Amino acid sequence: MTGTHELNAAEPLTVAEAAALLRAGRVCAFPTETVYGLGADATNPDAVLAIYETKGRPRFNPLIVHCANLGMARGIAEFSPLALKLARFWPGPLTLVLPLKAGAGLSDIVTAGLDTVGIRVPDHPLALELIATVGRPLAAPSANPSGKLSPTTAEQVRKGFAGRVPVLDGGPCRAGVESTILAVTGDEAVQLRAGALARATIAQAIGRPVAVAAHDAKVAAPGMLASHYAPNARLRLNADRPEAGEAYLAFGPTAHAAAANLSPSGDLHEAARHLFSVLHALDATGVHRIAVAPIPMIGLGEAINDRLKRAAAPR
Ligand code: TXA
Ligand code: MG
């Protein structure tokens, strides 16, 4: 299988080694500011296939293409004036779905045959150095087995794939939830996925509100399955207090005995950063049921509630 390699996956990789693997058509996990990505050369169809194989992803959802800078991104997609304005958030946790440029050289599997492509420039020095060293855009979904929690540390990636995937270790991810995804068509922008960049922040930068795509919208993120980001434990959301047999995941000051607190001070950035790690850690204790405190729907609360809803969905 092209997705595995002969190096000892327990040994830390250097950027040069990671780049060599990627140039040779292998997959390699790398850090971003949001979550760890399972990367492959976006121009190499076999390498991109190895992502699906490694993740056990049941179908071909389009993948986000990670670029070193705006120049690399402009070689792949058509940028409208609005898209260029939004690209000022790069490097950063914003993915733009834009018209694919003719002759971009991307593997069809990356875009799942669509005529659009999801692109971002990640805000992480190791990711930027890696992409620049490879010299090609990297396709990368989150570095977790399909349907499992997204990883925010190298250790979670190693555990998730039982050491079969080489990982470039950049420490814990700063944002902790995936990028915000916007589809940009001409001078229209619609949010396909809430993420680490708050919708209100984007709206402020472009001087108008950003609509959220309807669930049945034609332009949807095909990967947005109802059940996703799933821990093994069952989740009960908006719980003001735990019931018998539940571990309580608190947010802000709480009078109840909590197994963990996403942010004791009620800071949504901190809660986003800790979300997946805390769920990983609670899961590892073997609890069967987790009651989660209400999270306000403002700022990053939109992304946190979205991930919690998916984690709690029946499966
Ligand atoms: O923060 C992130 O975005 C992380 C890091 C690694 O960059 N990546 C990530 O990738 O979350 P993934 O594969 O888990 O999610 C990609 C989402 C999917 O829901 C997919 O359907 C959507 O992006 N997407 C990608 N290209 C698209 C396109 N052309 N049109 C619509 N949706 C697209
Ligand atoms: Mg994912």
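These numbers were taken from a predicted model, which means no experiment stands behind them. Each residue takes its place number in the sequence, starting with 1. Whatever order the structure lists ligands and atoms in, that order sets their numbers, starting from 1.
- For the residue pair Arg273 / Ser263, no side-chain donor-acceptor distance below 3.5 Å is found, with atom types taken as modelled.
- Comparing Gly37, Pro141, Ser150, Gly176 by heavy-atom distance to atom 10 (O) of ligand 1, the nearest is Pro141.
- Among the backbone and side-chain atoms of Ser142, an N/O/S atom is found under 2.8 Å from the Mg ion (ligand 2).
- Contact analysis leaves Pro93 out of contact with ligand 1, as no non-hydrogen atom separation drops below 4.0 angstrom.
- Distances from atom 30 (N) of ligand 1 to the heavy atoms of Asn144, Thr32, Val97 put Val97 nearest.
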- Stepwise salt bridge (Lys or Arg N to Asp or Glu O under 4.0 Å) test for Glu246 and Arg289: CA-CA 5 Å; Glu246 287 180 333; Arg289 293 192 298 143; 3.8 Å; yes

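- Near His66, with a cut-off below 4.0 Å to any heavy atom, the atoms of ligand 1 are 5 (C), 6 (C), 7 (O).
- At a heavy-atom distance under 4.0 Å, only side-chain atoms of Ile181, from C-beta outward, approach ligand 1.
- Residues Tyr52 and Leu63 are in side-chain contact: their nearest non-hydrogen atoms beyond the backbone lie under 4.5 Å apart.
- No donor-acceptor pair closer than 3.5 Å links the side chain of Thr116 to the backbone N or O of Val97.
- When heavy-atom distances to ligand 1 are checked against a 4.0 Å cut-off, Thr116 comes that close through both its backbone and its side chain.
- When only interatomic distances are considered, the shortest N/O to N/O separation between Arg120 and ligand 1 falls below 3.5 Å.
- Of the candidates Pro62, Pro122, Ala213, Pro62 brings a heavy atom nearest to atom 33 (C) of ligand 1.
- Scanning all heavy atoms of the two residues, the minimum distance from Gly176 to Phe276 falls at O-CD1, 3.0 Å.
- Of all atoms in ligand 1, listed by their number and element, those nearer than 4.0 Å to a heavy atom of Arg57 are 13 (O).
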- Message: Please determine whether side-chain hydrogen bond (donor to acceptor under 3.5 Å, both in side chains) holds for the pair Glu178 and Ser150, giving the CA-CA distance in whole Å, both sets of side-chain angles, and the decisive distance to 0.1 Å.
- Response: CA-CA 8 Å; Glu178 294 88 346; Ser150 295; 2.5 Å; yes

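- Of the N and O atoms on the side chains of Glu302 and Thr180, not one donor lies less than 3.5 Å from an acceptor on the other residue.
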